Amino acid sequence: MSKRAEQSTTHLRMLILEAISSAIKAEELPEAPIPNFSIEMPADRSHGDWASNIAMVSAKTFHLPPQKIAESIASHIVLDNSYFKCCEIAGPGFLNFFFNQQFYADVIREIVQTGDQYGHSDYGQNQKVMIEFVSANPTGPMHMGNARGGALGDCLASLMHAAGYDVWREFYVNDAGNQIEKFGNSLEARYLQLYLGEENVPFPEDGYQGQDIKERAAEFAKINGDQFIGADPTMRKKALIDYALPRNIEKMERDLHKYGITYDQWFLESTIHNNGELQEAISALTERGYTYEKDGALWYKATLFGSEKDDVLVRQNGNPTYFAADIAYHRNKFVKRGFDRCIDIWGADHHGHVARMKGAMEALGLDSSKLDVILMQLVRLTQNGEIVRMSKRTGKAIQLGDLLDEVPVDSARFLFNMREANSQMEFDLDLAVKQDAQNPVYYVQYARARICSIIKALAADGITPHPCTDEELHLLTATEERELILHLSRYTAEIIQAAKDYNPAHITRYVITLATLFHKFYDACRVRGDNPNLTNARLTLCTVTSTVICNVLRMFKISAPESM
RNA sequence: GCGCUGAUAGCUCAGCUGGAUAGAGCAACUGCCUUCUAAGCAGUAGGCCAGGGGUUCGAAUCCCUUUCAGCGCGCCA
């Protein structure tokens, strides 16, 4: 909600409490502790702009029927100098409050004044928040899950920035460990196959099958020729990895950039292996007595922190596990870099890892509640009504790059943020490619384009908006106008709510509703008319609506064309 | 076997920490363009909120349970 609206609810709470006091003084209500009560917006607008359940929840303590309590409060409440014009008693004892004209006028003024900052708040108090997302394996191209994670993470970051957090975007690059080994083995096999024939060089069973591996090997061969055929296998693999890995990372960076995503940092897992922090983290656990040796491996006592079994940190062969590195990485986020809060976006198939990771934070003496993991369900890609399978291994899977070749970025970013992370979603390729009304992103953009068109058409006749007087703004009394202004007034609160819930989908829904309310207004109220005062007020309403639509779209890095 | 998610209109999904007759968009049907973009609006139809218990003034929402679905329980990442 706008500052106005927010003030209105805290103010209202105070007014209700004062009314109860007067009612007690007048001996209409007995002295009794007042329980917690809510002030919320009813789904049905005819039930007021704010409704309170005070009479119902206090029925017990006052030993009176809710209706009676409501009547007493209503008769004692003083609404002068507030944003409310009246209070009604309804249903089982709800108190329904209605905004007065001044409220609507002030909402519009506030948006005019704050402009592209409207919606921003200091709710987050500038806390340092890291959002780590996508973090795809650099061993191959990114898939559809990464596409969803990218849209989600990036928009969430912008959302939290708007809510007053100091946001940091990070990509964790798994450039160490087992899968890099596999990567090397796969590259090596493809490289050798080029010279020795596919039938003479077996491809590793657990190798990466993708076409991209062949391509990288071929590029490498083009540069280096056959000089590595007889080389030491370790050297050969290292050379191949050193060639291919940076290129894969660059490709991801390029693809994500095309997608509108720029990270503050690409954090290499290998840095933690090399700078001693991995060892530090392990030592920290050992010092606290949470490790032991068994079967030649170093174990972490995860069972002390809620897990069903302990976990290996250092394998028998001396190599640290992924989990050990991940512990060190998260320790780095909190201890070394001092983030107040860290959000990880993971695929839902990693949910088993969440409790372990949080447990490990506790084991290190860190507050695990500062680590939040958003689990993202998989995306089902559909086309022509059929599910398109995706697999990183088949080499035929639809990749993020392919998606962006087909689907406009605006469309992808919006559609991936239509559903909550935790719900499985269907991504309809046909719909995403379609540049028409069925695609919600166009519906929203169209509303804004319409506004631009109105402004342009009126300007052509010399009618331009100028600062509104109260008198003019008080002319906006139609239901469609009121509904639209009311919705505009809630934007800041919606941002805060969405930030609290880590849920950008809340905002895509908000802006769709905003577009709908504008279209309804457009249909019911003509801007151009005989009354210049009303025209000016409506033109201003159009302008502030456009401001809010643009604020949302800009926040999500979606374009807002002036004409369509 | 243990655990994590989820189940709401034909389809895709909302429904905020319990609130007033359960919502939207697609799809179907009916209307609305000599007036600011019809990429729009209005209307009709569509529901035992998976089943069953409980908690209370009040449950789609909270608790228990059953069924079904997806996933996880590696010295993989």
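Here the structure is a predicted model, which means the values were calculated and not measured. Quick note: numbers below take in every heavy atom, side chains included, and nothing from hydrogens, waters or symmetry partners. Chain naming here is simple, since letters A, B, ... match the order of the sequence lines and numbering starts at 1 in each.
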Measure all distances between protein nitrogen or oxygen atoms and nitrogen or oxygen atoms of nucleotides 41-44 of chain B, and list the pairs falling under 3.5 Å.
{"unit_1": "B:rC41", "atom_1": "OP1", "unit_2": "A:Y443", "atom_2": "OH", "d": "2.6"}
{"unit_1": "B:rC41", "atom_1": "O2'", "unit_2": "A:D523", "atom_2": "OD2", "d": "2.7"}
{"unit_1": "B:rA42", "atom_1": "OP1", "unit_2": "A:K520", "atom_2": "NZ", "d": "3.0"}

Who are the side chain to side chain donor-acceptor pair (under 3.5 Å) partners of [X], not counting sequence neighbours?
| X | result |
| --- | --- |
| A:Y329 | A:E170 |
| A:D310 | A:Y292, A:T303 |
| A:E483 | A:R45 |
| A:T321 | none |

Below 6.0 angstrom between ring centroids: does that apply to A:F97 and A:W50?
->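 Ring centroids of A:F97 and A:W50 are no less than 6.0 Å from each other.
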When the aromatic ring centroids of A:F518 and A:F521 are compared, is their separation below 6.0 Å?
->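 Yes.
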Check every strand shown and say whether A:M418 touches a base, only sugar-phosphate, or nothing at a heavy-atom separation below 4.0 Å.
->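 Touches nothing.
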For A:S563, which contact category applies under a 4.0 Å heavy-atom criterion: base, sugar-phosphate, or nothing?
->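 The answer is base, as A:S563 lies within the cut-off (heavy atoms under 4.0 Å) of a base atom.
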Tell me, which of residues 172-179 of chain A have any heavy atom that sits under 4.0 Å from an atom in RNA chain B?
->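 Hits under 4.0 Å, by residue number: A:N178, A:Q179.
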Which of residues 314-330 of chain A sit near RNA chain B, with a heavy atom under 4.0 Å from it?
->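 Of all residues in residues 314-330 of chain A, the ones placing a heavy atom under 4.0 Å from RNA chain B are A:R315, A:Q316, A:Y322.
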Please figure out whether A:K309 or A:I512 has its closest RNA chain B nucleotide nearer the 5' end.
->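 Of the two residues, A:I512 wins.
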Counterpart base for [N], defined by Watson-Crick or G-U wobble contacts under 3.5 Å:
| N | value |
| --- | --- |
| B:rG72 | B:rC2 |
| B:rU37 | none |
| B:rU12 | B:rA24 |

Protein-nucleotides 17-21 of chain B N/O pairs under 3.5 Å:
{"unit_1": "B:rA20", "atom_1": "N6", "unit_2": "A:N96", "atom_2": "OD1", "d": "2.9"}
{"unit_1": "B:rA20", "atom_1": "N1", "unit_2": "A:N96", "atom_2": "OD1", "d": "3.4"}
{"unit_1": "B:rA20", "atom_1": "N1", "unit_2": "A:N96", "atom_2": "ND2", "d": "3.1"}
{"unit_1": "B:rU21", "atom_1": "O4", "unit_2": "A:D44", "atom_2": "OD2", "d": "2.9"}

Which salt bridge (charged side-chain N to carboxylate O under 4.0 Å, His left out) pairs, counting each pair once, include a residue from residues 62-73 of chain A, with sequence neighbours left out?
->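 Salt bridge (charged side-chain N to carboxylate O under 4.0 Å, His left out) check on residues 62-73 of chain A returns no pairs.
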Which residue pairs satisfy the salt bridge (charged side-chain N to carboxylate O under 4.0 Å, His left out) criterion with at least one member in residues 89-98 of chain A, sequence neighbours excluded?
->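 Every pair satisfying salt bridge (charged side-chain N to carboxylate O under 4.0 Å, His left out) with a residue in residues 89-98 of chain A: there are none.
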So does A:K333 pair up with A:E132, basic N to acidic O under 4.0 Å?
->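 Yes, A:K333 and A:E132 are salt-bridged.
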Does OP1 or OP2 of B:rA38 have a side-chain N or O of A:Y522 closer than 4.0 Å?
->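 For A:Y522, the contact criterion (side-chain N or O under 4.0 Å from OP1 or OP2 of B:rA38) is met.
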Summary of protein contacts for nucleotides 3-9 of chain B, nucleotide by nucleotide, where a base hit scores B, a sugar-phosphate-only hit scores S (4.0 Å, heavy atoms) | BBSS---
What's the NE2-P distance between A:H487 and B:rA14, to the nearest Å?
->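 Result: 17 Å.
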Below 3.5 Å, can you tabulate the donor-acceptor pairs from side chains in residues 504-514 of chain A to any protein atom, sequence neighbours excluded?
{"unit_1": "A:H506", "atom_1": "NE2", "unit_2": "A:E494", "atom_2": "OE1", "d": "2.5"}
{"unit_1": "A:T508", "atom_1": "OG1", "unit_2": "A:N417", "atom_2": "O", "d": "2.8"}
{"unit_1": "A:T508", "atom_1": "OG1", "unit_2": "A:A505", "atom_2": "O", "d": "2.9"}
{"unit_1": "A:R509", "atom_1": "NH2", "unit_2": "A:E420", "atom_2": "OE2", "d": "3.2"}
{"unit_1": "A:Y510", "atom_1": "OH", "unit_2": "A:H487", "atom_2": "O", "d": "2.8"}
{"unit_1": "A:T513", "atom_1": "OG1", "unit_2": "A:R509", "atom_2": "O", "d": "3.0"}

Is A:R356 close enough and on-axis enough to A:F323, meaning under 6.0 Å and within 45°, for cation-pi?
->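 Flagged: A:R356 positioned over aromatic ring of A:F323.
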Whether A:S186 side chain and A:Y208 backbone form a donor-acceptor pair below 3.5 Å |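 Checked: pair present.
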